[in-house]
Amino acid sequence: QVQLVESGGGLVQPGGSLRLSCATSGFIFDFYAVGWFRQAPGREREGVACISGTSGGDGSAWYAGPVRGRFTITKDNTNDTVILQMNSLKPEDTAVYYCAAEPGTGTSLNTNDYTYWGQGTQVTVSS
């Protein structure tokens with residue numbers, strides 16, 4: 001079955017960096033779009049970044065406004081892993097970060113467009 005496992009979260013000071021990984025299994029990686037989402041306490045889950053499937057698509061990426069220019073999403077097709085590199089972190093980036101997958105070559109930051117979800121990893125940005 002489809003499995004997504006996030007790792008790489010932790011505590012970091014403002015201005016620092018973290019690299020999140022989403023290890024995937026149980027599906028043909030090239031045919032799926034993968035997104036990163038986050039949920040802070042008391043807030044709804046929101047899209048952060050997504051990358052389309054590369055088979056039949058262009059592997060394009062899309063970012064939410066608050067993270068554009070600071071976060072980068074990439075696909076490692078050798079290891080079926082999606083990376084979220086987060087730089088210049090701010091306290092407002094503190095949240096549980098989830099990766100999600102959906103068959104297709106499109107890009108979406110809408111939680112309703114994704115079927116498969118990981119369990120999440122905590123990111124805390126604080127001095």
Side-chain angles (χ1 to χ4, degrees):
Q1 70 274 21
V2 174
Q3 286 192 319
L4 305 167
V5 180
E6 302 94 336
S7 61
L11 172 65
V12 63
Q13 292 186 341
S17 299
L18 277 178
R19 183 175 183 266
L20 303 185
S21 295
C22 175
T24 73
S25 62
F27 61 93
I28 301 174
F29 190 67
D30 287 352
F31 289 95
Y32 277 62
V34 178
W36 281 97
F37 297 79
R38 66 186 181 187
Q39 188 166 19
R43 301 189 65 177
E44 292 188 353
R45 192 171 299 187
E46 62 178 4
V48 174
C50 57
I51 189 164
S52 70
T54 51
S55 181
D58 59 4
S60 60
W62 190 255
Y63 300 91
V67 308
R68 195 171 296 136
R70 299 188 296 124
F71 291 11
T72 303
I73 186 171
T74 55
K75 265 189 165 185
D76 179 350
N77 290 318
T78 301
N79 297 308
D80 291 354
T81 300
V82 177
I83 304 298
L84 184 68
Q85 178 66 42
M86 306 187 296
N87 299 326
S88 302
L89 283 161
K90 305 175 182 180
E92 51 263 42
D93 294 318
T94 296
V96 177
Y97 282 71
Y98 301 88
C99 65
E102 181 68 21
T105 57
T107 51
S108 172
L109 293 176
N110 189 328
T111 58
N112 293 327
D113 291 336
Y114 289 83
T115 302
Y116 304 101
W117 291 83
Q119 82 290 348
T121 185
Q122 176 70 47
V123 171
T124 303
V125 184
S126 175
S127 55

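Count residues from 1 along the sequence. Here the structure is a predicted model, which means the values were calculated and not measured.
The two residues G47 and A64 come nearest to each other via the heavy atoms O-CB, 3.4 Å. Scanning all heavy atoms of the two residues, the minimum distance from S108 to D113 falls at OG-OD2, 2.6 Å. Minimum interatomic distance between Y32 and A101 (heavy atoms only, all atoms of both residues): CD2-CB, 4.0 Å. Pairing each heavy atom of S126 with each of P14, the nearest pair is C-CD, 3.6 Å. Of all heavy-atom pairs between T107 and S60, the closest is CG2-O, 3.4 Å.
Screening L18, L11, L89 against V125 for a side-chain contact (heavy atoms from CB on, under 4.5 Å) leaves a single residue, L89.
Residue V67 is not grouped with residue L109 when hydrophobic side chains (ILVMFWY) are merged at heavy-atom distances under 4.5 angstrom, including chains of intermediate members. Transitive grouping of hydrophobic side chains (ILVMFWY, heavy atoms separated by less than 4.5 Å) keeps W62 and V82 in distinct clusters.
More than 12 heavy atoms of other residues, nucleotides or ligands sit less than 6.0 Å from atom CD of E92. Around the CZ atom of R19, the shell of radius 6.0 Å holds no more than 12 heavy atoms that belong to other residues, nucleotides or ligands.
In this structure, L84 CG and Y63 OH are separated by 8.0 Å, a value rounded to the nearest 0.5 Å. Atoms CZ and CD, on F31 and E102 in that order, are 15.0 Å from each other to the nearest 0.5 Å.
Here V5 sits alone; no ILVMFWY side chain lies under 4.5 Å from its own, so it joins no hydrophobic cluster.
In this structure, E6 contributes its side chain and C99 its backbone to a donor-acceptor pair below 3.5 Å.
Between the side chains of S127 and Q13, no donor N or O sits under 3.5 Å from an acceptor N or O.
Under the side chain to side chain contact (heavy atoms under 4.5 Å, CB included) criterion, T74 pairs with T72, I83, not counting sequence neighbours. By the disulfide bond (SG atoms under 2.5 Å apart) test, C50 pairs with no residue at all, sequence neighbours left out. With sequence neighbours left out, W117 forms a ring-ring contact (aromatic ring centres under 6.0 Å, His included) with F37.
Sequence neighbours left out, the pairs with a member in residues 34-43 that pass side-chain hydrogen bond (donor to acceptor under 3.5 Å, both in side chains) are R38-E46, R38-D93, R38-Y97, Q39-R45. Sorted by first and then second residue, the side-chain hydrogen bond (donor to acceptor under 3.5 Å, both in side chains) pairs with a member in residues 76-87 read S17-N87, D76-N79, Q85-N87; sequence neighbours excluded.
A heavy-atom distance below 4.5 Å is found between the side chains of L20 and V123. Using a 4.5 Å cut-off on side-chain heavy atoms (C-beta onward), L4 and F27 make contact.
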